[in-house]
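Letters A, B, ... are given to chains in the order of the sequence lines, protein chains preceding strands, and every chain is numbered from 1.
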Number of protein chains: 2
Amino acid sequence: MTSLDFSGISTAVDQPETKLTVADDAYRKLRVLILQGTLQPGQKLKFEVLQQELGLSASSLREAFMKLVNEGLVQLAQRRGFSVAPISIEELKDITRLRKILEPLALRDAIEHGDDAWEAQILATWHRFSKIDTAQSDAPGILDDQWSYWHRAFHESLVAACPSKKTMQFRAVLFEQSERYRALSAARRTKPRKKSDEHRKLMEAVLARDSDKAEALMIKHMALTSNFLANVLDATQDSGKDN
Amino acid sequence: MTSLDFSGISTAVDQPETKLTVADDAYRKLRVLILQGTLQPGQKLKFEVLQQELGLSASSLREAFMKLVNEGLVQLAQRRGFSVAPISIEELKDITRLRKILEPLALRDAIEHGDDAWEAQILATWHRFSKIDTAQSDAPGILDDQWSYWHRAFHESLVAACPSKKTMQFRAVLFEQSERYRALSAARRTKPRKKSDEHRKLMEAVLARDSDKAEALMIKHMALTSNFLANVLDATQDSGKDN
DNA sequence: ATCAATTAAATTTTCGAAAATTTTGACATT
DNA sequence: AATGTCAAAATTTTCGAAAATTTAATTGAT
């Protein structure tokens, strides 16, 4: 493993709030590296190497690993160390199946409970996201850090008014787990896809408090990446088996 | 905090498989103490005390805490230590709402995919569980370790054939989180309740591959504890506010 | 040559203590 | 009395090295 590049990682975009813990900091950095694919599926995560890269002790690094294990991004083999969780069509389908249930659930809740501040936040976030999205859509095959951040922020803003903690938590985990597949999807795409349109329509349905339409659009939106990748990966799976 | 009693904790009932890690061992012990209510909701979890009780280092204990945080049994206040997660009617309702979705989902999957071995395992587990359950039902107000273990094992056996990893994972987390409320429910119950009947009917519907009936029974089963507690807690909440 | 046993090397897990942070309590100020 | 400041105490977080375990290499036997 050659030295990793952290320069483009926007951990700081989040609220700086309370000073981050060392392990938390490492967790965020590692998460980005995994979602980006810099640390590839199946790859072994060695303490010595990453300790040096990130500059922390074994126990703190272990804590960061553990957090990633709980999010399904890292695998732990008892006493045999950690490795980046593998990806597979089956997992993507599994994730998507649940997302098709939980995202609409959260969305309906949010539409029911959302207030003016919620609406305003959606608009504000969409503004930021759409700028990056349109700029980005010219260059297919790249899924950069900023796009990912605002894409997530946008989707989160839509459901932010959902009062169910557990629903939000599970939804967030699944959204996160989908990220690697989105990146993969972007990498395989040849022609640009007008995503901002999908997102705008979805937002409009939500702001119009049209639950049925919002649900339909959301499900359609999720299915797109999933189906596209299922096709692409199915074709590639046998030939390009790396790690 | 006075010295804790680990004597009755059946960590060993699980598969001994690969030798447990120190942190994992502590995690299991703490989990039981929290589920039993020995460590009460809201209670601060101090390193010094628990380190001594469990005989391990700070970083290992921290790892155990973190795992419990991820399961929602423990709360972490950044740099202010850990405490047992509080319980509330709202949380119970939230948990139950999701369980009403995920348990039937897993159950239908299992009924669809289950083979002979799955059926056999259900029967075997039910045999163990029902023995304890009938013995236990004479003594209301007590929810012992063995009952909890086999109750969980029984419910898990029903859905064991569900091929969806994520569904199983989330379902397990929610089942676990419900455990404290089950214990509370048992503690508040005055007259014995014939639970084994519910469970038997549920099992029969599953083995008969009657998804609709199984789903209906499962939902009814979950609603019982939830509704009972919602009533009891609602009444008590204002008066007996401890921690 | 293949396989099993043994030793050495690499790696993960755990500890005990140091560093950093928060909480408490005493004292002074308005 | 309420508020603010500062040092001491308590507590959590982090480290660097020791202990335990797994993996790889070496040797010897069939």
Side-chain angles (χ1 to χ4, degrees), chain A residues 1-4 6 11 15-31 34 39-40 42-70 73-85 243, chain B residues 1-4 6 11 14-31 33-34 39-40 42-70 73-85 243:
Chain A
M1 187 186 308
T2 50
S3 96
L4 304 170
F6 293 115
T11 278
Q15 336 102 296
E17 54 171 55
T18 38
K19 204 172 119 208
L20 231 49
T21 216
V22 167
D24 241 329
D25 186 52
Y27 153 73
R28 297 197 188 195
K29 283 174 179 163
L30 287 170
R31 184 178 60 172
I34 292 170
L39 294 171
Q40 293 195 350
Q43 184 178 338
K44 187 88 197 294
L45 296 170
K46 293 196 182 156
F47 277 89
E48 200 180 4
V49 179
L50 286 166
Q51 249 185 103
Q52 205 138 26
E53 297 284 356
L54 298 163
L56 38 48
S57 71
S59 23
S60 293
L61 181 55
R62 185 166 229 275
E63 186 179 322
F65 282 163
M66 277 304 199
K67 213 162 179 179
L68 290 162
V69 169
N70 278 299
L73 258 34
V74 163
Q75 261 186 340
L76 163 60
Q78 197 86 265
R79 290 173 194 282
R80 279 155 210 219
F82 300 81
S83 57
V84 179
N243 93 293
Chain B
M1 185 186 310
T2 49
S3 95
L4 304 171
F6 294 114
T11 278
D14 266 284
Q15 337 101 299
E17 51 171 58
T18 37
K19 202 172 119 209
L20 230 50
T21 217
V22 166
D24 243 330
D25 186 52
Y27 153 73
R28 297 197 188 194
K29 284 174 179 164
L30 288 170
R31 184 179 59 172
L33 291 173
I34 291 171
L39 294 171
Q40 292 195 350
Q43 184 177 339
K44 187 90 198 291
L45 296 169
K46 293 196 183 155
F47 276 90
E48 200 180 4
V49 180
L50 286 166
Q51 250 185 104
Q52 207 141 23
E53 295 285 356
L54 298 163
L56 38 48
S57 71
S59 23
S60 293
L61 181 55
R62 185 166 229 275
E63 187 178 322
F65 283 163
M66 277 304 198
K67 214 162 178 178
L68 290 162
V69 169
N70 281 310
L73 258 34
V74 164
Q75 260 186 340
L76 163 61
Q78 198 85 264
R79 289 174 194 280
R80 281 159 208 214
F82 300 80
S83 57
V84 179
N243 94 292

Problem set entry | From CA spacing to verdict: side-chain contact (heavy atoms from CB on, under 4.5 Å), Phe82(B), Met66(B) | CA-CA 9 Å; Phe82(B) 300 80; Met66(B) 277 304 198; 4.2 Å; yes
In whole Å, what is the span from the [atom1] atom of [X] to the [atom2] atom of [N]?
| X | N | atom1 | atom2 | result |
| --- | --- | --- | --- | --- |
| Glu48(A) | dA17(D) | CD | C1' | 14 Å |
| Leu61(A) | dC15(D) | CG | P | 10 Å |
| Glu63(A) | dT12(C) | CD | C1' | 17 Å |
| Arg79(A) | dA20(D) | CZ | C1' | 7 Å |
| Phe47(A) | dC15(D) | CZ | C1' | 14 Å |
| Leu20(B) | dA20(D) | CG | P | 17 Å |
| Leu56(B) | dA19(D) | CG | C1' | 15 Å |
| Arg80(B) | dT13(D) | CZ | C1' | 14 Å |

Problem set entry | Partner of Leu68(A) under side chain to side chain contact (heavy atoms under 4.5 Å, CB included), chosen from Val84(A), Leu76(A), Val74(A) | Val74(A)
Problem set entry | Donor-acceptor contact below 3.5 Å, side chain Arg79(A) vs main chain Leu20(B) | yes
Exercise. Hey, does the side chain of Gln75(B) reach the backbone of Ser83(B) with a donor-acceptor pair shorter than 3.5 angstrom?
Worked result: no
Between [X] and [N], does any side-chain N or O lie under 4.0 Å from OP1 or OP2?
| X | N | answer |
| --- | --- | --- |
| Lys46(B) | dT11(D) | yes |
| Lys44(B) | dT12(D) | yes |
| Ser60(B) | dC15(C) | yes |
| Arg62(A) | dT12(C) | no |

Seminar exercise, completed: Nearest-nucleotide check on DNA chain D, Gly81(B) vs Gly55(A); residue mapping nearer the 5' end is Gly81(B)
Problem set entry | Pairwise 5' ranking along DNA chain D for Gln51(A) and Leu76(B), keeping only the more 5' one |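 Mapping each residue to its closest nucleotide by heavy atoms, the 5'-most match is Leu76(B).
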Seminar exercise, completed: Considering only heavy side-chain atoms of Ser57(A), the closest of dT11(C), dT14(D), dC15(C) is dT14(D)
Problem set entry | Listed nucleotide nearest any side-chain atom of Thr21(A), set dC15(C), dT22(D), dT13(D) |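 Among the listed nucleotides, the one closest to the side chain of Thr21(A) is dT13(D).
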Exercise. Parallel under 30°, tilted from 30 to 60°, perpendicular over 60°: which one fits the rings of Phe65(B) and Phe47(B)?
Worked result: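 Judged by the thresholds at 30° and 60°, the geometry between Phe65(B) and Phe47(B) is perpendicular.
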